[in-house]
Protein chains: 2
Amino acid sequence: MSKSAVSLALTDLTVDAPCCPPLAQSRIPAETATVLAPAFKALGDPVRLQLMSMIASADGGEACVCDLTPAFDLSGPTISHHLKTLREAGLVDAERRGSWVYYRARPVIMRQLAGLLTID
Amino acid sequence: MSKSAVSLALTDLTVDAPCCPPLAQSRIPAETATVLAPAFKALGDPVRLQLMSMIASADGGEACVCDLTPAFDLSGPTISHHLKTLREAGLVDAERRGSWVYYRARPVIMRQLAGLLTID
DNA sequence: CGCCTAGGTTGACACTTATCTAAACCGCGT
DNA sequence: ACGCGGTTTAGATAAGTGTCAACCTAGGCG
């Protein structure tokens, strides 16, 4: 499956991977590794992986913190810290609307990561 | 730990693999997150990400530690430790042939991870 | 307006785990 | 036995994970 020709302008800012020839195709430059490793690191925790999934698979593409928190046996601040980690890794965006904060996945970086791991 | 003492069954790695409905398609079960998060965590370090790339993109699909180590400004034991992390995460296999140890990527889990991050 | 409450984030702290090195060790070939 | 290639152990320092308490914002009510 060649990703190169796939993404047209389905959504406005979904520019297809300015980077990321697959990991197994050519050796990753140190800079690229330094830039992308934090994203993998952010996904390297079961709670954050589930949070990421809940956000990305949520109806309307966004999830309220008020829906995320009760799904775990963890305190509010702890979930908030994990969400901050995902935010700082560039995996999600947060937006406040009224009293509630909504999180949304950033498809570009996710495609980058998926592309990196792609194997022929 | 005699996990990689000898290379017995070459492909016994079909494992539990509740593999790969994309993260953004349906919410990941806690068990799946617990199983796969360590793999992402292992990739969450610039050195290991580069190691992974060097191994996966190596000629013949395998790389000798003697070729990996000098590519970094780190001591031998440190590289060995990172390789052990990749091994324990199930991302690579090690095999000793004579004096040298060769590492090889495990495509199944890589496809699982890539599939997880896939977005329509 | 002032006061209260609910939703989230931030800060400070304890505890656990990761990263790195030097030194000791193991396996293999000469 | 010796040397070389890698791994393991032990130990110091840095970073991650969790909680409670304090704080900030938005909205409801007298």
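The sequence lines fix the lettering, A, B, ..., with proteins before strands; numbering per chain opens at 1.
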Asp73(B) has an atom CG; how far is it from atom C1' of dC20(C), in whole Å?
-> 12 Å
Same apolar cluster (I L V M F W Y, side chains within < 4.5 Å links), Tyr102(A)/Ile79(A) | no
Examine dG16(D): is either OP1 or OP2 under 4.0 Å from a nitrogen or oxygen in the side chain of Lys41(B)? Give yes or no.
-> no
Please report, rounded to the nearest Å, how far the C1' atom of dT19(C) is from the NE2 atom of His82(B).
-> 7 Å
Check whether any side-chain N or O of Arg96(A) sits under 3.5 Å from a backbone N or O of Gly98(A) as a donor-acceptor pair, and report yes or no.
-> yes
For the hydrophobic clusters of this structure (ILVMFWY residues joined by side-chain heavy atoms under 4.5 Å, transitively), does one cluster hold both Trp100(B) and Leu68(B)?
-> no
Nearest heavy-atom approach of Ser80(B) to Arg87(B) is O-NH2, 4.3 Å
So which heavy atom on His82(B) is nearest to which on Leu51(B), and how close?
-> CB-CD1, 3.8 Å
Taking protein heavy atoms under 4.0 Å as touching, what does nucleotides 3-14 of chain C look like 5' to 3' if B marks base contact, S marks sugar-phosphate-only contact and - marks none?
-> ----BSBBB---
Which residue, Arg97(A) or Thr85(A), contacts DNA chain D at a nucleotide closer to its 5' end, judged by nearest heavy atom?
-> Thr85(A)
What is the distance, rounded to the nearest whole Å, between atom CG of Leu74(B) and atom P of dA22(C)?
-> 11 Å
Would you list the atom pairs, donor with acceptor, under 3.5 Å between side chains in residues 55-65 of chain A and any protein atom, with sequence neighbours excluded?
unit_1	atom_1	unit_2	atom_2	d
Ser57(A)	OG	Ser53(A)	O	2.6
Glu62(A)	OE1	Arg104(A)	NH2	2.8
Glu62(A)	OE2	Arg97(A)	NH2	2.6

What is the minimum heavy-atom distance between Ala89(B) and Pro38(B), and which atoms define it?
-> CB-O, 3.9 Å
Of the non-hydrogen atoms in Gly76(B) and Thr69(B), which two are nearest, and what is the gap between them?
-> CA-CG2, 4.1 Å
Separation of Glu95(A) atom CD from dA26(D) atom C1', in whole Å?
-> 15 Å
Please list residues of residues 42-56 of chain B whose heavy atoms come under 4.0 Å from any atom in DNA chain C, ordered by number; otherwise none.
-> Asp45(B), Arg48(B)
